[in-house]
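The first residue of the sequence shown is numbered 1, and numbering continues consecutively from there.
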Amino acid sequence: MMQNMYDLIIIGAGPGGYVAGIRASQLGLKACIVEKQKVGGVCLNVGCIPTKNIIYQADIFESSKELNNFGVEIDTEKFDFTKVLEKSKESVETLVKGVESLLKKNKVDLVQKRAKIVGRNSIMLDDGKEIYGRNIIIATGSRPLQIPGFEFDEKKVLSSTGILNQKKLPKKIIILGGGAIGCEFAHIMNAFGVNVIIVEMQNQLLPFEDEDNVAVLNDSFTKRGIEILTNTRALSITKTDMDITVTIEDYQHNKRDINADQVLCVFGRTPNTDDIGLENIGLTTEKGYISVDNNYQTAVKNVFAIGDVVATPQLAHVASKEAEIAVEYIAKKHTKLCLNYDNIPSGIYCEPQVASFGLREKKAKEENIPYRKTIFPYRGVGKAVAVNKTEGKIKILTDPQTGEILGGHIIGHEATELIHELLLAKSSELLPEDIGDMIHAHPTFSELIREGMLAVLGKAIHY
């Protein structure tokens, strides 16, 4: 057995699993990845990548209306949504081949079978073959959460996966859940001319994002004709051959029915930890999540878990970083401190985009954390005005005594790109004056960061 033993077996080839395999190879470990479907996981195949491609196409479709300003009319009668899906699948296929090529280049064995853990050092494939490894990383990801009464049929009641396989767009859709996925699909559907209603149980869209920025998004969505029902929960659904009815209840317990062609249920995601053999090595879960330490080591010392199967932010870039940390620990090359989740950027890719990291103002108030708030609007930089993208603002939270950056929150065009300069400043322990003194090219959206920092110092030029 020892002759055929891998240094590391990775179950799952998503953004956590395939990064773990590549990093293992770089560190001289013999690694094998077992994946039951395509490499890339949810993110690449039915999540981050295809949705961003569709958002790109939706933005083109919506912006084409601006040609009316030049006297150009576009006939959209022959619009074919299947062509949009085909383009998104092309981007997926390109990247899947790219990941497969990277694994081959790094000499990482890829076994495309279903795996089940049968021992501390072994997994069983669905063809009965057993593979052995000194260490195992569980990177099996997550799937859309189903709630009783709202089960997916992928015809009228859709998951975030099922909606990507539609042949045609509905005329009207109800989105149950106003988190990141719900807001992105609301943007997509609205841009393509679908009537959209969002139902969210919390008191705002994007419950974990900055309240001021979400208010901007709320106004933007409302102006576009998206109906937003917050503090409202869905009680039940009734399907007919013609449409679907959702019975909803607001915070005052008023009930009413709303109708649409389809319902998209995005209540969250659940980890894929059932039926992978955890019981065979004595591992238990809490609400489906595997407990790990700062190196992502489980209670079984040679077994690690990363990504959506652990109770950390369910983000592709988080899984990838956790993979690097776990593999470096296994290879005894780990020298860094544990991952600081306050320095993890989040990004929501609707329009306007929403991006953030660090301290939220709501938390600061609740926990009596001293802070100073500085806001700078998009309309204060020339590039935003020049390209008609003035909707949005940057909010910076700093320590009132030291000037340390505590959190950053941006809503507006390309916010998901801009957030990283602000995060780099925090991670590098730079102060507002360090960024404020740095010359930024004009005209660029990055001037928002400089002007925001100057505003912290009371020296903003353009506002």
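At a threshold of 4.5 Å between non-hydrogen side-chain atoms, the residues Phe61 and Thr76 count as touching. The shortest distance between side-chain heavy atoms of Val354 and Tyr349 does not fall below 4.5 Å.
Side-chain atoms of Thr230 and Gln202 include no donor-acceptor pair closer than 3.5 Å. His440 and Glu421 share a side-chain donor-acceptor pair at under 3.5 Å. Counted by atom type alone, Tyr463 and Glu451 present zero donor-acceptor pairs between their side chains at under 3.5 Å. There is no side-chain donor-acceptor pair under 3.5 Å between Thr390 and Arg379. In the model, Glu209 has a side-chain atom that pairs as donor or acceptor with a side-chain atom of Ser346 under 3.5 Å. Counted by atom type alone, Asp250 and Thr232 present zero donor-acceptor pairs between their side chains at under 3.5 Å. A side-chain N or O of Gln262 and one of Gln166 form a donor-acceptor pair less than 3.5 Å apart. Between the side chains of Thr140 and Asn272, no donor-acceptor pair is found at a separation under 3.5 Å. In the model, Arg360 has no side-chain atom that pairs as donor or acceptor with a side-chain atom of His409 under 3.5 Å.
Distance alone, capped at 3.5 Å, is enough to place a donor-acceptor pair between the Asn45 side chain and the Gly41 backbone.
For the pair Ile419 and Gly408, the tightest heavy-atom approach, listed with the atom from each and the gap, is CD1-O, 3.8 Å. Taking each heavy atom of Val266 and Gly177 in turn, the nearest pair found is CG2-O, 3.6 Å. Between Val309 and Gly141, the shortest heavy-atom distance links the atoms CG1-O, 3.6 Å. Closest approach of Gly16 to Ala323, counting heavy atoms only: O-CB, 3.2 Å. For the pair Phe192 and Gln57, the tightest heavy-atom approach, listed with the atom from each and the gap, is CZ-C, 4.1 Å.
Salt-bridge formation is not detected for the pair Glu324/Arg23: no Lys NZ or Arg NE/NH1/NH2 atom is positioned less than 4.0 Å from an Asp or Glu carboxylate oxygen. Ion pairing between a basic and an acidic side chain is recognised when a charged N comes within 4.0 Å of a carboxylate O; Lys172 and Asp243 show no such pairing. Comment: Lys97 does not engage Glu100 in a salt bridge, judged by the lack of any side-chain N to carboxylate O separation of less than 4.0 angstrom. Between Asp308 and Arg143 there is no salt bridge, since no side-chain N of the basic residue sits under 4.0 Å from a carboxylate O of the acidic one. With respect to the salt-bridge test (charged N to carboxylate O, under 4.0 angstrom), the residues Glu433 and Lys459 do not qualify. Ion pair Asp210/Lys395 flagged as a salt bridge, since at least one NZ, NE, NH1 or NH2 atom sits closer than 4.0 Å to an Asp/Glu carboxylate oxygen.
Screening Thr245, Thr238, Thr240 for a side chain to side chain donor-acceptor pair (under 3.5 Å) with Asn259, the sole residue that qualifies is Thr245. Screening Glu62, Glu351, Arg224 for a side chain to side chain donor-acceptor pair (under 3.5 Å) with His187, the sole residue that qualifies is Arg224. When each of Glu447, Lys383, Arg450 is tested with His442 by the rule side chain to side chain donor-acceptor pair (under 3.5 Å), just one qualifies, namely Glu447.
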Criterion ring-ring contact (aromatic ring centres under 6.0 Å, His included) on Tyr378 and His413, from CA distance to verdict: CA-CA 9 Å; Tyr378 264 60; His413 188 65; 7.9 Å; no

